[in-house]
Amino acid sequence: MNIKQVRSPQFHDRAESVWTQFLQALPVIAFFLIMFYSVIFLFGMEYITIASLVTVIFQGNYKKRKVPTGPLIVLLLQQLLLLVLAYIATWNIGLSLALNLIVPFWLIFTKSSQFNQFGYFSTLMTFTFMQFLPVDWNGFILQFEAMIFCCIFVFITIKLYHRMNRGKLGICTERKVMKLLGCILEKLLNEEDVSRDLKELFRLQRLLYQEANDKRGKRHVVTTAGKLQYMFALLIQRTTYLVSNQSQVLRPADEDSRRLALELAGYMQKAGEIDFLSGNRDRTQTLKKEGRRLLAESEKEKDIFHRHVANFFRMFLFILHQAEVKDQGILSEQWEVPAEHQFKEKILAHFRPDTFEMRFALRMSVVLMTGMAFNLLFYDDHSYWFVMNAFLLLRPMYEDSNYRMRTRFIGTAVGCVLVALVLPFCDSMASHLILAGIMVTCMYTATPGTIIHALFVTCFALSMTTLAMGETMAVFLRMAYIIAAVLFVLFINRFFFPTSLGSQVRYNFQMLFHMHHMYLRMLEDLLTNQLDYWRICDAQIQYHTILAQIRNDLPQVEKNDRDREYFNKILNITWCMASEIQQMFFQVKHKKRGPEARRIMERYISYTDYVLNQIQEMLHLKKEKKLKNIDGMKYQRYIEGEPELSSLMTQYARNLSRLYVLVLRRVR
């Protein structure tokens, strides 16, 4: 009786969890089934692969808050182009090898990065899967028509889904951040605990930079929407720095200041109710009016509290103004990336053996070249199962790929057994199609990559395959090809430019310290030259996306609590240093300095470079090559008549010292 009492709640919870997953997957399930049966009845059984390909596109876009029409059309047109390239690749072995070398590099370099590792998937999947069954010209025309039909359906469905679910797709990150900041400020004023709120604030602040990174421009460093998100991310980073490290700044000394702080908290929460980056003047008019009033009030006093409040309102009101005029163009020449830098960063930077894109593109090309050559040379109706499984098992990271190999193999084996038990009861085409529909429903409900998911994928595939061949032969081939694919991918992952999560985290740490040196070079350049907004924006987005990636991957790499805490302390200190030097940029930008002030800053930068290099050496990271000799230099971290800049220099130096001591103690 006790056992039943224990098991019953567990079963209920599990059933409830499955039901929730089913409801979440229902739009995708419905979309696939409509596409699946439509393609079968309009074009024929041999073209059902297209239904799976367009479902991947629908699945990746239907939940997004905004899906701009232009990029969606471009994505769908790419599907048609890749269908043509896949058809050409099936003409002969030479074209197959050439295109399966070039296309993976093109798609991985342009769509994926260490921050968006699976950006390549939907497009490269189309190119790969459409090579499986070579067709003649008439067959290709039918393929092309089927793809056009499905792409049009995807476009209409996504647009209709967003129109029907407007307001139900969640609020944007900017609004979440403003609301949370208001709550944190209120709690600070009431001396309540904010540790949990700060953790969420840091997560959202990193997310803002990642979202800005997703809006990179072609000529400019970011798009118009990306610039607005970047400026807001910058504002929130400064505010987050204040509430997390300098909270005494936001604790006013008198009653009038406390009232202003409470009004600021209320203003932030009110902003969290409005989509203020939309540019809708009616929505933001009250926000602007109230913001100007509070700005005028904060400018009456000159203490540090009022100065920070005024700085917040100046930048926030500027962002609101930019959002209103964005259609007139807010991207000036200062945001335009020079052509030579674009070529260097977008093309040449990837062609290094230590980059994520290069290593993964090389592995993927070898897998597709080998797999497609096998499919063309030893072609039978299901030889493509080898390259299909190899493509799905090859993941950017070694650990993920290993996990998929285990789950795919076990799931396939169990699925084969299940099909052997069920198929004897399916004696007609209609029953096979019904079984396939049931298996698809279960497949999209299950978590991708798990044994259960692989089981239902196998059942779906075999329910269709056994319409054309015997059940025993289909099961044998399915198992044989999954074993061959597992062994092949295991060999590629081990011996051909392997990329593990641990090595990627180490590479990201190297990049993080390199970015600090780059910040110092940029600060030095600002002493005599104008500020390049595109360069600052590019550096900040890159820095914070790398930082977010390390924080995301670290728990999977460092299992020991003490080691994880140690590296998190390093990240926390470097985040503070980045916040401080980024504020220095704008302090230096607004004032011309004399020769003595510039010399003080140059010596300060040289000493900082040197200490950072020492820390890198202790962490066994690659050191910077070109550093100045500091022998005989006088070190000074303040400049007469510039209290704000001197304060930032002092705080940065203290954090650098904390970092040095932390790493030194660990080494000893």
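Among residues at least two apart or in separate chains, there is no ring pair (Phe, Tyr, Trp, His ring centres under 6.0 Å) pair with a member in residues 66-85. Among residue pairs with one or both ends in residues 389-398, those qualifying as salt bridge (charged side-chain N to carboxylate O under 4.0 Å, His left out) are Arg395-Asp400; sequence neighbours excluded.
Evaluation of the side-chain hydrogen bond (donor to acceptor under 3.5 Å, both in side chains) rule for Gln556 yields no partner, not counting sequence neighbours. By the side-chain hydrogen bond (donor to acceptor under 3.5 Å, both in side chains) test, Gln79 pairs with Thr126, sequence neighbours left out. Residues meeting the side-chain hydrogen bond (donor to acceptor under 3.5 Å, both in side chains) test with Tyr209, sequence neighbours left out: Gln237. Every residue meeting the side-chain hydrogen bond (donor to acceptor under 3.5 Å, both in side chains) condition with Ser401, not counting sequence neighbours, appears here in chain and number order: Asn493. Arg535 pairs by the salt bridge (charged side-chain N to carboxylate O under 4.0 Å, His left out) definition with Asp532, not counting sequence neighbours. Every salt bridge (charged side-chain N to carboxylate O under 4.0 Å, His left out) that Arg216 has, sequence neighbours left out, goes to Asp538.
Ring to ring, Phe456 and Phe460 are not that close: their centroids are 6.0 angstrom or more apart. Aromatic rings of Phe132 and Phe129 (six-membered ring for Trp) have centroids within the 6.0 Å cut-off, being under it.
The closest side-chain donor-acceptor pair between Ser383 and Asn375 falls under 3.5 angstrom. In the model, Ser112 has no side-chain atom that pairs as donor or acceptor with a side-chain atom of Glu357 under 3.5 Å.
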If you look only at distance, which donor and acceptor atoms sit under 3.5 Å apart when one is on a side chain in residues 142-160 and the other is two or more places apart or in another chain?
| residue | atom | partner | partner atom | Å |
| --- | --- | --- | --- | --- |
| Thr157 | OG1 | Phe153 | O | 2.6 |
| Lys159 | NZ | Val67 | O | 2.8 |
| Lys159 | NZ | Thr69 | OG1 | 3.1 |

For residues 45-59, dump all side-chain donor-acceptor pairs below 3.5 Å to protein atoms at least two apart in sequence or in another chain.
| residue | atom | partner | partner atom | Å |
| --- | --- | --- | --- | --- |
| Tyr47 | OH | Gly139 | O | 3.3 |
| Thr55 | OG1 | Ala51 | O | 2.6 |

Show me the donor-acceptor pairs, under 3.5 Å and distance only, between side chains in residues 87-96 and residues at least two apart or in other chains.
| residue | atom | partner | partner atom | Å |
| --- | --- | --- | --- | --- |
| Thr90 | OG1 | Tyr87 | O | 2.6 |
| Trp91 | NE1 | Tyr87 | O | 3.4 |
| Asn92 | OD1 | Gly94 | N | 3.1 |
| Asn92 | OD1 | Leu95 | N | 2.8 |
| Ser96 | OG | Asn100 | ND2 | 3.4 |

In a table with atom names and distances, give each donor-acceptor pair under 3.5 Å that connects a side chain of residues 417-425 to protein atoms at least two apart or in another chain.
none

